[in-house]
Amino acid sequence: MTYRQKDFQAALLDPALSTPPGLVNPDGSAAQKRFDVYRNNVTVSLTDALETAFPVVAKLIGSENFRALAKVFLRQHPPSSPLLMFYGKEMPVFLEGFKPLQKIPYLADVARLELALRHSYHAAGADAFDPAVLQAMSEDALMSARITFAPHVQLIRSRYPVHGIWQMNMVDGAPQPQARGENVLVSRPALDPVMTVLRPGGGLLMDQLLRGEALGPALQIVSEKVQDFNLSETLIQLLQGAAIASIVGENP
């Protein structure tokens with residue numbers, strides 16, 4: 001990006017900056033009014049895109065506050081792609097460092113969940129995994145197996161009830177969330193993403209598997225930290241969410 005392009009981009013997202021040099025009307029005068037209109041349209045479009053992408057965050061802090069926050073965000077994080085459906089990936093980290101909202105510590109994780117839903121929706125599809133493959137594996141083969149996940153799979157691990165908070169704000173009649181952390185599997189078994197709150201230990205197991213760990217060693221780590229962990233329950237949740245792409249062991 002040239003110096004002039006950077007100058008134009010900075011002015012486009014910050015109304016405190018003057019019209020970039022070289023932008024003139026047909027009569028040669030500075031195109032301040034025309035640039036102001038264009039700048040306002042860009043700001044409104046990006047703000048609308050963010051509010052659409054993070055509806056629960058917007059509800060939690062109020063639309064007016066969110067739109068003020070969005071103006072700060074877009075100056076720090078201008079779009080890197082013309083596809084607005086992917087705009088806002090920096091929002092969770094931005095919220096963690098945004099001092100005026102430090103009293104809402106779960107806000108960043110709610111943003112992560114909303115971002116995961118969007119990424120899952122736009123991710124590539126995957127062939128359905130046949131559960132018979134799992135049933136045919138010996139215990140030794142299963143413990144040495146590595147599980148790969150479909151492209152639409154996302155995992156959100158939080159100290160807060162992010163799924164409950166999302167539901168309370170998006171689903172009529174949803175109950176008040178309980179004060180406990182939640183590990184949420186986001187997957188797309190059909191056309192739209194769905195959220196599944198994983199059983200205790202399920203988030204830790206899935207995290208290990210996403211890192212490429214074999215099932216046996218991953219299970220050992222979970223068993224040391226979670227009493228009475230039920231592997232079958234977690235595998236059923238993964239299968240129901242169409243999260244598994246493949247399971248490959250020594251003797252598949």
Side-chain angles (χ1 to χ4, degrees), residues 42 44-61 63 66-67 69-70 73-74 77-96 106-131 147-158 160-174 177 181-199 202-203 205-207 209-211 234-246:
V42 170
V44 169
S45 295
L46 293 178
T47 300
D48 287 346
L50 288 172
E51 192 164 15
T52 299
F54 301 100
V56 174
V57 172
K59 282 189 176 183
L60 289 170
I61 66 174
S63 180
F66 184 87
R67 297 184 77 81
L69 174 148
F73 174 85
L74 63 89
H77 302 284
S80 58
S81 166
L83 302 175
L84 287 185
M85 59 187 172
F86 296 119
Y87 183 49
K89 65 180 184 298
E90 303 92 349
M91 182 63 79
V93 174
F94 171 82
L95 289 172
E96 286 179 335
Y106 51 81
L107 205 58
D109 282 354
V110 172
R112 287 187 175 92
L113 181 60
E114 297 197 284
L115 195 61
L117 287 166
R118 188 153 44 113
H119 285 179
S120 180
Y121 180 83
H122 292 290
D127 294 333
F129 175 76
D130 185 358
I147 298 178
T148 58
F149 295 94
H152 53 76
V153 167
Q154 301 280 325
L155 173 66
I156 302 299
R157 303 187 67 200
S158 177
Y160 307 102
V162 287
H163 176 264
I165 293 170
W166 187 94
Q167 275 201 317
M168 184 179 66
N169 286 275
M170 297 296 286
V171 179
D172 290 339
E182 290 179 334
N183 291 255
V184 184
L185 163 69
V186 178
S187 60
R188 202 180 68 214
L191 295 177
D192 294 318
V194 298
M195 293 176 284
T196 303
V197 179
L198 294 170
R199 303 287 187 183
L205 179 75
M206 192 173 169
D207 181 65
L209 296 175
L210 284 167
R211 296 171 186 268
T234 296
L235 289 176
I236 289 172
Q237 287 186 304
L238 295 177
L239 290 170
Q240 289 176 338
I244 297 176
S246 67

Notebook entry, point to check: With under 30° as parallel and over 60° as perpendicular, where do the rings of H77 and F94 fit, or are they tilted in between?
Noted result: perpendicular

Next item on the list: Indicate yes or no: at least one non-hydrogen side-chain atom of F66 is less than 4.5 angstrom from one of K59.
Entry: no

Check: Taking atom CG of L115 and atom NZ of K89, what is their separation to the nearest 0.5 Å?
Finding: 9.5 Å

Next item on the list: For the pair L198 and Q237, evaluate side chain to side chain contact (heavy atoms under 4.5 Å, CB included) and give the outcome as yes or no after the intermediate values.
Entry: CA-CA 7 Å; L198 294 170; Q237 287 186 304; 3.7 Å; yes

Next item on the list: Could you tell me whether the side chain of L69 reaches within less than 4.5 Å of the side chain of M91, counting heavy atoms only?
Entry: yes

Next item on the list: Answer yes or no: is there a donor N or O on one side and an acceptor on the other, between the side chain of E182 and the main chain of H163, under 3.5 Å?
Entry: yes

Next item on the list: Locate the shortest heavy-atom distance separating R112 from P92; write the atom from each residue and the value.
Entry: CG-CB, 3.5 Å

Check: Do L185 and L238 touch side chain to side chain, with heavy atoms closer than 4.5 Å?
Finding: yes

Checklist line | Shortest non-hydrogen contact from I165 toward V110 | finding: CG2-CG2, 4.0 Å

Next item on the list: For P193 and L117, work out which heavy atoms get closest and say how close.
Entry: CG-O, 3.5 Å

Check: Within 45 degrees of the axis of the six-membered ring of F54 and under 6.0 Å from its centre: does R118 put its NZ or CZ there?
Finding: yes

Notebook entry, point to check: Rounded to the nearest 0.5 Å, how far apart are CE of M195 and CD of Q154?
Noted result: 13.0 Å

Next item on the list: To the nearest 0.5 angstrom, please state how far the OG1 atom of T234 sits from the CG atom of L205.
Entry: 6.0 Å

Margin query: Under the rule for salt bridge (charged side-chain N to carboxylate O under 4.0 Å, His left out), what residues qualify as partners of R199, not counting sequence neighbours?
Written below: E233

Margin query: Walk me through whether R67 and D48 qualify under salt bridge (charged side-chain N to carboxylate O under 4.0 Å, His left out).
Written below: CA-CA 8 Å; R67 297 184 77 81; D48 287 346; 2.8 Å; yes

Item checked: Nearest atoms (heavy-atom pairs only) where Y106 meets L60 -> CE1-CD1, 4.0 Å

Check: Rounded to the nearest 0.5 Å, how far apart are CZ of F86 and NE2 of H122?
Finding: 5.5 Å

Item checked: Partner set under side-chain hydrogen bond (donor to acceptor under 3.5 Å, both in side chains) for D130, not counting sequence neighbours -> none

Check: For A108, does its backbone N or O pair with a side-chain atom of E96 as donor and acceptor, under 3.5 Å?
Finding: no

Item checked: Side-chain (R188) to main-chain (S120) donor-acceptor, under 3.5 angstrom -> yes

Next item on the list: State, with a plain yes or no, whether a side-chain heavy atom of L113 is found less than 4.5 Å away from one of V184.
Entry: yes

Check: Are Y121 and L191 side-chain neighbours, meaning at least one heavy-atom pair lies under 4.5 Å?
Finding: no

Checklist line | Nearest heavy-atom neighbours spanning A116 and V186 | finding: O-CG1, 3.9 Å

Notebook entry, point to check: Mind checking whether L46 and P79 have side chains closer than 4.5 Å, heavy atoms only?
Noted result: yes

Checklist line | Heavy-atom side-chain contact between N183 and V197 under 4.5 Å | finding: no

Notebook entry, point to check: Can you tell if the side chain of F73 reaches within under 4.5 Å of the side chain of T47, non-hydrogen atoms only?
Noted result: no

Check: Judged by atom type as modelled, is there a donor-acceptor pair below 3.5 Å linking the side chain of S187 to the main-chain atoms of G241?
Finding: yes

Next item on the list: Looking only at non-hydrogen atoms, find the nearest pair between E114 and P55 and report the distance.
Entry: OE2-CD, 2.9 Å

Notebook entry, point to check: How about E51 and S63: does a side-chain donor come under 3.5 Å of a side-chain acceptor?
Noted result: yes

